[in-house]
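Right, one structure below, let's go through it.
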Amino acid sequence: MDVDASGVPQVAVTGAVPSGPDTDRLLTEAHEHASRHAEGAVADYIPILAAADPEVFGVCLADVEGGLHEVGDTRVPFSIQSISKAFVYALLCDALGHERAFEMVGVNNTGLAFNSVVAIELNDGHPRNPMVNAGALATTALIPGETTEDRWAVIREGLSRFAGRALEVDDEVYRSESTTNHRNRAIAQLLESYGRIERDPGGVVEVYTRQCSLSVDAHDLAVMGATLADGGVNPVTGQRVVAATVARDTLAVLAASGLYERSGEWLFEIGLPGKSGVAGGLVTVAPGKAGIGCYAPRLDAAGNSVRGQIATAHLSRALGLHVFASNPHVEERPR
Ligand code: GLU
């Protein structure tokens, strides 16, 4: 068995994740290993986020059978923030279809910070990447609905179906973000000036701010991820949330852009689609197998949970989840 620089044996597995005790043991190992890391800093550009306890740390794996494995603080609530972008994008793809979503918001990484204005200017106003603020605002603007409240209802209900429970806005986070989101308002207006947002940009920012303020826990993220892993069906409720092709397309976008400017490094190390948020949440998806939800508020310089990445890397290796890993079908062929 290969052991790479991380020291965790790298296995390649196809099919389901191992059952009960094995997965629980690996989760505990991943949590213990990541808990030793105290690098990174809690986000503070949204004032309320700075109040998070940096030591809170939970890891949950939800498999496509609906089984849950949890270690640590998996039921501590936090705001979903950027992770909402993945699921709102899935709702948009479901409503608009593959071609139109591709054309309107794009699928490429910008290589620039999540709140970059320069990225918009460099691309002639095309948002290009639905996983950063410009693309996410364009995505939210395209969600069907007559009024701002209608569109908000589509998003809140849609994300709640992914989670399998009614998600609510954290009012304190919403207020804190609403009074400081000048940059997002500027981005929405810039997109409007390029004709990329055809609705009132103020209403779009309002819905976007609410979607980012939805309160979730690591267990919710795991179930939401497992829904994308399971061809768009929530494995806990048994309810179809989006089409299987939409789950596939969303995961492809996450693989390219889910971890801000560190998306390439993440894919190289972990080999799975994922999405992080600045409150410290991280959702990772092993297609056909499981969703992994982590919460640990200390972030790297790009805005990704440090402990969440370390724990997920451990699980990806130990459970053989890397989508690009394979073993030779026949050990050696005579030439
Ligand atoms: N609501 C945050 C913002 O718009 C989300 C950022 C993030 O999680 O990347 O700045």
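Indexing begins at 1, ligand by ligand and atom by atom, following the structure's order.
Under a 4.5 Å side-chain heavy-atom criterion applied to ILVMFWY residues, the cluster that includes Ile310 comprises Val306 as well. In the hydrophobic clustering (ILVMFWY side chains linked at under 4.5 Å, chained through shared members), Val236 is joined by Leu68, Val223.
Evaluation of the side chain to side chain contact (heavy atoms under 4.5 Å, CB included) rule for Glu149 yields Thr147, Trp152, Arg210 as partners, not counting sequence neighbours.
With salt bridges taken as basic N to acidic carboxylate O contacts below 4.0 Å, one links Glu269 and Arg317. Salt-bridge annotation for Arg25 and Glu29: present, with a side-chain N of the basic residue lying under 4.0 Å from a carboxylate O of the acidic one.
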Considering only N or O atoms, set out every pair between ligand 1 and the protein closer than 3.5 Å, with distances to one decimal place.
| residue | atom | partner | partner atom | Å |
| --- | --- | --- | --- | --- |
| ligand 1 | 1 (N) | Gln81 | OE1 | 2.6 |
| ligand 1 | 1 (N) | Glu177 | OE1 | 3.4 |
| ligand 1 | 1 (N) | Glu177 | OE2 | 2.4 |
| ligand 1 | 4 (O) | Asn133 | ND2 | 3.1 |
| ligand 1 | 4 (O) | Asn184 | ND2 | 2.8 |
| ligand 1 | 4 (O) | Tyr208 | OH | 2.7 |
| ligand 1 | 8 (O) | Ser82 | N | 3.0 |
| ligand 1 | 8 (O) | Ser82 | OG | 3.3 |
| ligand 1 | 8 (O) | Tyr260 | OH | 3.3 |
| ligand 1 | 8 (O) | Val278 | N | 2.9 |
| ligand 1 | 9 (O) | Ser82 | OG | 2.8 |
| ligand 1 | 9 (O) | Tyr260 | OH | 2.5 |
| ligand 1 | 10 (O) | Tyr45 | OH | 2.6 |
| ligand 1 | 10 (O) | Asn133 | ND2 | 3.4 |

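Side-chain contact, Asp217 with His219: a donor N or O sits under 3.5 Å from an acceptor N or O.
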